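Note sheet for the following structure.
None of these values were measured; they are calculated from a predicted model.
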Amino acid sequence: SAHDQSLKIYDIASADMICMQMLKFLPGVCEWIYSKRHSKKLLAVSFGNQLLFFDPFKSSDSDEFIPETTLTDYHTHSISRLVYNSKYETLITVTEVGGIEYISTSSEEIGGELNSAIQFELKSDTDLYYYVSNKNIFIHSISLSPDGSKFAIVSTDRHIRVFNFFTGKILVTLDESLPTMTLAQKSDNAAYAPLKLDAIDFGRRSATERKELVLETNSFPKIHQLEFNTTWDESNHFLIYPTMLGIKIYNLFTQSLSLLLGKNETSDLRFLGVALFQGKIIPKNHELDPATLAFRARAQTEGKNPDSEEDPLLICGSLKKNRFYIFSRRLPNENDERDIFNERPLKDDSLSAQENEKTIRQKQASMYKGLFKATIFTVRGDIELELDGNLCPKTVENFVRLAENKIFHNMIFHRVIRGELIQTGSEKSSEAFTDQQPD
């Protein structure tokens, strides 16, 4: 989906765009709808609270791209996430306020009776209303297990909740919030030992979490820069997700942390998006690279068949880094002289980053130009203020941001000089003093 009201489909093998259709609306999110029983693949595209199902490869003499089916009665708010359970032919939708719906695609008519494997009749018997009832929590991402029996949701409260697809009930909740991580660092419990960091390193990572937690406080739903996803392994038992401490591999069967990757990497890497490839080494006719040869030799030493041995790759991105990182069981090639941590970025990347930073600064500065009005409510009466952002935009910006974050609430006037000034605004002030008490 694109802002130019077009729908583009790319072929991964050839890395080329194979289809493009123009729409008469601004599309939101999209998801392929497919199963063994379907004779054709459909593409579900959201438009506000509507779902439109297209056959993108359908030949037509008309220039207008007409949907096969449109659903308008399922949602009251805009759709923000889609994920398709192909095994049970069910589309899971998420709205911007946290509403979760199941939509059947098993019958000829989309939106019919749900799959018989689903064990609830009323949503009130499930936990699918959890995010709607907690209005301050918004959903970042949703991922489905390979067998379709579970799905994991990441939300703005830094909790990961794993749902049973059939019952709609929460199976486990993983708390990755900053307060919990801080308590783990201070705890003497041996179970938290693998999570502990050096105090300075943990302080840097905590500062990053607090700084980047909310990007735009006035938007709805709130826009968070530290959005991350989860992914599953092929066994459906392991959930993989990034945290401020590194990338965690959590065993849902034993409900314990199996592995923590990237903990000892540089503290400026805050991993976000993750994807897992669980491939196998299949020798080709061409010469194998040294890392592959070393991996095969190690497998033979351990008495394993190198042709069937899995060689998983975990690919992840990082906050404000224009590159991705790969975790593997392979050892790095010692003859490789490339310095992956300190190499200079390309000239185009540097210019693009500078232009983006300049654009953001200009946008932020323009937001606080003009006249603003504020009211200070005190026990002696109200004080009306007029803030001129044209004269001092930075001062106005600082004041407005502090006021929006309720920093000034219940603050005292810590300095009073009769007929001259009154002073407040310092959150460190605990006791008032006066040079001269007013009447």
Side-chain angles (χ1 to χ4, degrees), residues 98 127 130-142 152-163 170-230 239-252 255-274 316 318-320 401-411 427-428 430:
D127 294 326
Y130 180 86
Y131 296 99
V132 175
S133 59
N134 292 273
K135 300 185 182 299
N136 293 325
I137 302 177
F138 302 99
I139 294 176
H140 276 333
S141 65
I142 177 172
I153 290 181
V154 180
S155 51
T156 54
D157 61 348
R158 287 294 178 271
H159 284 61
I160 301 166
R161 296 173 179 88
V162 180
F163 286 76
I170 296 176
L171 297 174
V172 63
T173 300
L174 306 174
D175 185 356
E176 299 296 337
S177 61
L178 183 57
T180 301
M181 294 297 101
T182 304
L183 289 175
Q185 296 298 311
K186 297 177 180 179
S187 175
D188 296 329
N189 192 332
Y192 294 120
L195 304 178
K196 291 193 174 183
L197 294 169
D198 175 79
I200 296 177
D201 190 11
F202 183 77
R204 289 173 180 168
R205 301 190 189 204
S206 301
T208 300
E209 293 291 306
R210 285 190 292 266
K211 179 181 178 183
E212 305 295 343
L213 187 59
V214 179
L215 184 62
E216 292 187 17
T217 56
N218 294 327
S219 63
F220 182 81
K222 294 181 185 298
I223 300 174
H224 292 250
Q225 187 157 332
L226 285 179
E227 294 189 12
F228 61 92
N229 71 312
T230 58
L239 184 66
I240 306 168
Y241 56 93
T243 70
M244 63 176 290
L245 303 179
I247 300 174
K248 289 186 177 182
I249 301 179
Y250 187 84
N251 189 330
L252 292 169
Q255 295 198 7
S256 61
L257 180 65
S258 296
L259 192 61
L260 180 60
L261 299 174
K263 173 186 174 183
N264 297 323
E265 303 293 341
T266 55
S267 59
D268 65 333
L269 287 181
R270 204 316 184 174
F271 297 114
L272 294 178
V274 290
C316 57
S318 180
L319 177 68
K320 296 182 178 179
R401 284 184 176 273
L402 290 171
E404 287 176 345
N405 292 326
K406 301 182 179 180
I407 300 299
F408 300 137
H409 279 210
N410 298 320
M411 241 179 218
E427 56 183 334
K428 295 182 179 180
S430 58

- [ ] Find out whether Val154 and Asn229 are in side-chain contact, i.e. whether some heavy atom of one side chain is under 4.5 Å from a heavy atom of the other.
- [x] no
Distance col, row Ser256:OG vs Ile249:CD1, nearest 0.5 angstrom, shows 12.0 Å
One should read off an interatomic distance between Cys316 SG and Leu272 CG, to the nearest 0.5 angstrom, of 9.0 Å
Applying side-chain contact (heavy atoms from CB on, under 4.5 Å) to Asn189 and not counting sequence neighbours gives Ser187, Ala191, Tyr192
In short, Ile160 meets Phe228 closest at the heavy-atom pair CD1-CE1, 4.1 Å
Residue set satisfying salt bridge (Lys or Arg N to Asp or Glu O under 4.0 Å) with Asp157, at least two apart, ordered chain then number -> Arg161
TODO: Could you check if a side-chain atom of Leu252 sits within less than 4.5 angstrom of a side-chain atom of Leu171, using non-hydrogen atoms only?
DONE: no
Smallest heavy-atom separation, Asp198 atom then Ile200 atom, equals OD2-N, 3.0 Å
Taken in chain and number order and not counting sequence neighbours, the residues that satisfy ring pair (Phe, Tyr, Trp, His ring centres under 6.0 Å) with Phe163 are Phe151
Contacts satisfying side-chain hydrogen bond (donor to acceptor under 3.5 Å, both in side chains) that involve residues 240-250 (not counting sequence neighbours) are Glu176-Tyr241, Glu176-Lys248
Taken in chain and number order and not counting sequence neighbours, the residues that satisfy side-chain contact (heavy atoms from CB on, under 4.5 Å) with Thr180 are Asp175, Ser177
Leu183 meets the side-chain contact (heavy atoms from CB on, under 4.5 Å) criterion, sequence neighbours left out, with none
What one should report as the nearest heavy-atom pair of Leu260 and Pro194 is CD2-O, 3.8 Å
Would you say Arg205's side chain and Met244's backbone share a donor-acceptor pair under 3.5 angstrom?
yes
Rounded to the nearest 0.5 Å, the NE2 atom of His140 sits from the OG atom of Ser155 at a distance of 7.5 Å
Note to self: With a 4.5 Å cut-off on side-chain heavy atoms, are Gln185 and Leu245 touching?
What the structure shows: yes
Discussion item. Is there a side-chain contact between Glu227 and Ser141 in this structure, where contact means two heavy atoms from C-beta onward sitting under 4.5 Å apart?
Written reply: no
Nearest heavy-atom contact between Val172 and Leu174 is CG2-CD2, 4.1 Å
OH (Tyr130) and CD1 (Ile153) are apart, to the nearest 0.5 Å, by 11.0 Å
Notebook entry, point to check: So, do Val274 and Thr230 sit near enough that their side-chain heavy atoms are less than 4.5 Å apart?
Noted result: no
